[in-house]
Structures are given as structure tokens and as C-alpha cells.
Amino acid sequence: MVGARTQSAPPDSRGDTDDALLAVRAAEGDEDAFAVLVQRHAPALIRLATRLLGTRVEAEDAVQDAFLSAWRRLPEFHGHASFGTWMYRIVTNRCLNVLRSRRPVASLEAAGDVPAAEHATSPARIAEGRDAVREVREALDLLSAEQRACWVLRELDGRSYEFIADAVGISQEAVRARVFRARRCLTQALGAWR
């Protein structure tokens, strides 16, 4: 259902049909309407899940599971939030469950290699870049799953506190507190890179 393509979705053949109407049609069994929703929202959701989970494979699995869950639960979707916000919440919860089920120590092999910007890049610069990526991953692993989700949505996705509260299912005050604690933790953990 969710492929490896992350480019923008092709133009909607139905014109400028909005998500709410597509969700209603999909809830009535219109698979084409649901496919348009998947094409529209999958790229952003995969980026979010990759940032939360650290690997593209896990992210794609989480997003695919989320879309399967959404397909089954579409009759429950009443449009109190936008379809996109509803999907962010489902994906975020799916990722939080994965993060909570992980062992406390994350694999450093998931960090992968940092590609060189040019052929003229020195080996010392490449090693420094790899060290930075490793330390950022290690610092993110210090955060609780909820702090990580709130921080990623705020700092990497640029989402509002209101959006994050809806997506994660907590109050805006709790979001602000988790983002604050995450920033403090990351600042302490990455102090050597300042």
C-alpha cells in the first residue's frame, strides 16, 4: 500500500477534492479515494516515522500499518480533526509503540554512513560528520518516546503545539513541557558540538 516512492503525489484526477470528502468516500468503500489520500499523505508520514524510528524500513512498515488501521477505522473518522492530523496521530502512536518496545540500547549500525559532499572532502571531515551523526542518534535515544515524538514534530517538522497535541493526544502544556525537556537533554548531550 505504501511504496518506496516519496515524491509528491500525482495530481488528483478528481480535481481539487479535499481530504474530508475523500475520507467520506473511502469510508463508504471507495478504494480509489483512499488511494488518493495515501498518495497525498504518505511522503510526509514516512518522513515523520523515519525521524522518529531512525530507519526507513521501520518507518515504511509503521506507516503502512497506520494506513491499514485507518482503512479499517474510517467509519469512526468524523472529521473532528483533519484527515492529515488523524493520520499523524495514528503514525505517531504506532511509532511510539515501536520505540517503547525497543531495548534501551539502540543499534549504532542504523546510523549508516554519512555521504561526502564532494570528492575533495578530507577523511578527517568525513570522520567528524560520522561522529556528529552518531552522537545525535545517541542523544535522541536518551529521550523518552513521547519527548522524541514531540521534539521531532516541533523541531524537524515545524508543527504547531496545537497540532502536536492533537497528533500525540496530550495537552498543549504537556507538549511544551516535553519539547522543553527534550531540548534541555539534547543540549546537555550534545554540549561538545556547540
Side-chain angles (χ1 to χ4, degrees), residues 1-102 143-179 182:
M1 183 176 289
V2 177
R5 290 179 29 209
T6 59
Q7 298 173 2
S8 61
D12 181 4
S13 60
R14 302 166 192 250
D16 193 21
T17 308
D18 71 343
D19 286 353
L21 179 57
L22 289 170
V24 169
R25 288 180 182 170
E28 294 170 349
D30 185 343
E31 292 179 15
D32 292 335
F34 191 70
V36 171
L37 290 168
V38 170
Q39 289 174 340
R40 279 186 187 171
H41 295 280
L45 294 170
I46 289 172
R47 280 191 303 276
L48 167 68
T50 301
R51 289 172 173 161
L52 288 171
L53 299 174
T55 68
R56 175 80 180 199
V57 172
E58 279 185 311
E60 288 176 350
D61 287 346
V63 171
Q64 184 165 355
D65 288 347
F67 275 117
L68 287 171
S69 176
W71 174 253
R72 287 186 212 109
R73 294 174 43 204
L74 267 171
E76 300 170 22
F77 177 69
H78 299 294
H80 299 298
S82 72
F83 180 82
T85 300
W86 188 60
M87 285 306 304
Y88 259 79
R89 184 174 194 163
I90 294 171
V91 169
T92 299
N93 286 333
R94 190 79 57 197
C95 292
L96 288 173
N97 289 339
V98 170
L99 288 169
R100 289 180 190 125
S101 69
R102 285 183 179 169
L143 302 177
S144 72
E146 292 80 9
Q147 287 174 342
R148 184 174 181 155
C150 291
W151 184 84
V152 165
L153 285 167
R154 180 69 182 164
E155 301 298 335
L156 300 181
D157 274 10
R159 298 298 180 163
S160 69
Y161 290 111
E162 180 181 9
F163 181 93
I164 299 167
D166 287 342
V168 179
I170 58 176
S171 70
Q172 288 186 46
E173 293 77 22
V175 170
R176 289 178 192 280
R178 288 185 177 136
V179 169

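- Taking OG of Ser160 as the start and CZ of Arg154 as the end, the distance is 7.5 Å to the nearest 0.5 Å.
- In terms of heavy atoms, Ile170 sits closest to Ala174 at CD1-CB, 3.9 Å.
- Distance alone, capped at 3.5 Å, places no donor-acceptor pair between the Ser69 side chain and the Asp65 backbone.
- When all heavy atoms of Ser171 and Ala165 are compared, the pair lying nearest together is C-CB, 3.9 Å.
- Between Arg89 and Val168, every side-chain heavy-atom pair lies at or beyond the 4.5 Å cut-off.
- His78 contributes a side-chain N or O that, together with a main-chain N or O of Glu76, makes up a donor-acceptor pair within less than 3.5 Å.
- Put simply, the side chain of Gln147 gets close to the backbone of Ser144: a donor and an acceptor are under 3.5 Å apart.
- Nearest heavy-atom pair, Ala66 versus Val91, reported as atom, atom and distance to 0.1 Å: CB-CG2, 3.5 Å.
- In this structure the side chain of Glu60 reaches within 4.5 angstrom of the side chain of Arg56, judged on heavy atoms.
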**Stepwise side-chain contact (heavy atoms from CB on, under 4.5 Å) test for Leu99 and Leu53** = CA-CA 7 Å; Leu99 288 169; Leu53 299 174; 3.9 Å; yes
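- A donor-acceptor pair is defined here as one N or O able to donate and one able to accept, closer than 3.5 Å; no such pair exists between the side chain of Arg176 and the backbone of Tyr161.
- By the 4.5 Å heavy-atom criterion applied to side chains, Phe67 and His41 are counted as neighbours.
- Contact check for Leu74 versus Phe83: side-chain heavy atoms found under the 4.5 Å cut-off.
- Residues Ala33 and Arg25 come closest through the heavy atom pair CB-CB, 3.7 Å.
- Residues satisfying the side chain to side chain donor-acceptor pair (under 3.5 Å) criterion with Arg159, sequence neighbours excluded, are Tyr88.
- In this view, Glu155 and Arg183 satisfy the side chain to side chain donor-acceptor pair (under 3.5 Å) rule, not counting sequence neighbours.
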**Derivation and outcome, salt bridge (charged side-chain N to carboxylate O under 4.0 Å, His left out), residues Glu173 and Arg178** = CA-CA 9 Å; Glu173 293 77 22; Arg178 288 185 177 136; over 6 Å; no
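- A heavy-atom distance below 4.5 Å is not found between the side chains of Asp61 and Arg94.
- Ala145 and Leu96 make their closest contact through O-CD2, 3.0 Å (heavy atoms, listed as atom of the first residue, atom of the second, distance).
- In this structure, CG in Leu22 is found 11.0 Å from CZ in Phe34, a value given to the nearest 0.5 Å.
- Looking at every heavy atom in both residues, Ala182 comes nearest to Leu143 through CA-CD2, 3.6 Å.
- Here Arg73 contributes atom CZ and Leu68 contributes atom CG; the two are 12.5 Å apart, rounded to the nearest 0.5 Å.
- Contact check for Asp157 versus Arg51: side-chain heavy atoms found under the 4.5 Å cut-off.
- A donor-acceptor distance shorter than 3.5 angstrom exists from the side chain of Arg148 to the backbone of Leu52, with no hydrogens or angles considered.
- Within the 4.5 Å cutoff, the side chain of Asp19 has heavy atoms near those of the Leu37 side chain.
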